[in-house]
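What follows is a single structure, written as structure tokens, with notes after it.
All chains are named by letter (A, B, ...) in the order of the sequence lines, taking the proteins before the strands, and each is independently numbered beginning at 1.
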Protein chains: 2
Amino acid sequence: MDAEFRVGMSVFKRRLAQYVQLESDAWTLFDELERQDNVFRAGEDIIQAGEKANEVFILQSGWAIRYRLLEDGRRQIVNFMLPGDVFDLQALADLQADHSVTAITECHVAIIPSNPFIAMLQGSGRLASAFWWSAVQEESILREQIVRIGRRSARERIGHLLLELHRRYIGATGDEVDRLNMPLTRADIADALGLTPVHVSRTMSAMRRSGLIKEEKGSITLEDRDRLARLSYFDVDYLHLRKLNLLSAEVMPEDSATGELGDS
Amino acid sequence: MDAEFRVGMSVFKRRLAQYVQLESDAWTLFDELERQDNVFRAGEDIIQAGEKANEVFILQSGWAIRYRLLEDGRRQIVNFMLPGDVFDLQALADLQADHSVTAITECHVAIIPSNPFIAMLQGSGRLASAFWWSAVQEESILREQIVRIGRRSARERIGHLLLELHRRYIGATGDEVDRLNMPLTRADIADALGLTPVHVSRTMSAMRRSGLIKEEKGSITLEDRDRLARLSYFDVDYLHLRKLNLLSAEVMPEDSATGELGDS
DNA sequence: CGCCCCGTTGAGGAGAGTCAATGGCTGTGG
DNA sequence: CCACAGCCATTGACTCTCCTCAACGGGGCG
């Protein structure tokens, strides 16, 4: 985790580079951004609901969750943030956060004030595209989370979530293996999937017994990924992992400094 | 419905004007947009999953749903589109649609090709802000849908959904009454909330009996909105209905044609 | 050492699902 | 103008997935 952090923005760049082709001058703009590197301990809030953050966050290392609490204590985890994820672009509209974001493990976060960030987007249509892609992917993940919770059984939900986290984990780390870090407790998984910890435990035990997964302390191995994918009706399409066609590149010349939302 | 259609873009304008202050020159840009007015019959697809639409859609009248089908026929409705809603801004990133959009009632839809749309955003930071607000609101509605399905009982889900649709319906029509058009069948509500039609029917019958709602053909009245809100843990905040501070207005002068994503 | 958090397992219960029958409404065609 | 098909809402009876309550054990940490 420390190692990941020391390389600076590279997690985000690695993630983006898989989908968007970016030249070094775009990256220069990005690298020169004014920013602050913050560390949050496990359990600490990164953003609190109701707070108005005028910053954009990029998660460098660690896992975080976005969640909402009901008045009677029920918690729903809306989504997970993995290294390389950008969040609260909605802060650019100067809106209050309607959900909290909390570190699940220790998190290293780059915090970028809105204004320089906006200026950067204005400076490069391709960077703007890249961030727009990231926002579109996040929204797509939200939609899939709705399908997962609304129309899948407990086993399907867990399998589907594990496969998503696995793909996203690979995107962040670059390691193409069937094993991933798993800092989530049964309660976290339950609150993400609309189940109870007890039932998650039972269901995952059954999955272990049938050779679908293997758990070690702090990590999980997808022992039979194909079978898992079949029985969870997992279809990666929603992650939008194909290379993007950058609209901007066609619509307007590179040297034009306008056209931000365009690509985005 | 026909009356609504004849007034052109006004539904969208009315919705936006409640939250974003826009001068007439911005609207001029918007009004001059190249567009096509299409009519879709009930049940007809507006966007098909897998299709790459290079257009932005604005629903003028009628109701539509975004949904996804699992291989075995299960359907999950991801969200509802009401008059004034804009959809598939993600098409601007040249991505395939990962979900289908279908008309539930007859729908009048303005279809705007991406390029002129992008040009419009570039022409007015305030318009860009307005559309960004719309995208942020939509994402927030998705998150709330996750909480609704994941951590609420059947009665809470139905109550909460009705309250959301009611607020959004008011935003579109301007009528401040407790009654709204209800073209949804039990099956639609069930597929949106992760329930079965039978259970939705039972639960709504109970709600009728306890004086929470009243149903007539094609419409529903929220008889005791406060009680409904309390027992569904409904909190409007997530709809972001307050007036926006337009960042752009502060960050850059009105006459600058750059700064689109900035406000957005 | 002892506390606390976490995962697991058991027993019993409840909310929601499944299957099936009925009746109303609408549209259509003979 | 009526008969019939098709869709939709409702209700009953039964089932099952998932929840609740509870107890126990292991591991990390002060």
Of A:Ile220, A:Asp188, A:Thr221, A:Ile213, which meets side chain to side chain contact (heavy atoms under 4.5 Å, CB included) against A:Met182?
-> A:Ile220
Atom CG of A:Leu195 and atom C1' of D:dT20 are separated, to the nearest Å, by 14 Å
Length of the NE2-P vector between B:His199 and D:dT11, whole Å | 14 Å
Gap between atoms CD1 and P, on B:Ile213 and D:dA9 respectively (whole Å) = 13 Å
Determine the interplanar angle of the A:Phe57 and A:Phe87 rings, folded into 0 to 90°, and report it as parallel if under 30°, tilted if 30 to 60°, perpendicular if over 60°.
-> parallel
Nucleotides bounding contact with chain A, strand DNA chain C, heavy-atom threshold 4.0 Å = C:dG7 to C:dA11
Whole angstrom value for the distance that separates P of D:dA9 from CG of B:Asp188 | 8 Å
In terms of side-chain heavy atoms, does B:Ser219 have a donor or acceptor partner in B:Asn181 at a distance below 3.5 Å?
-> no
Is a side-chain donor-acceptor pair under 3.5 Å present for A:Glu164 with A:Tyr238?
-> yes
Whole-Å distance separating the CZ atom of A:Arg202 from the P atom of D:dC16 | 17 Å
From the list B:Asp178, B:Leu228, B:Leu161, B:Val177, side chain to side chain contact (heavy atoms under 4.5 Å, CB included) with B:His166 holds only for B:Asp178
Could you give the angle between the helix axes at the two ends of the helix from C:dC1-D:dG30 to C:dG30-D:dC1, with five pairs per end, rounded to 10 degrees?
-> 30°
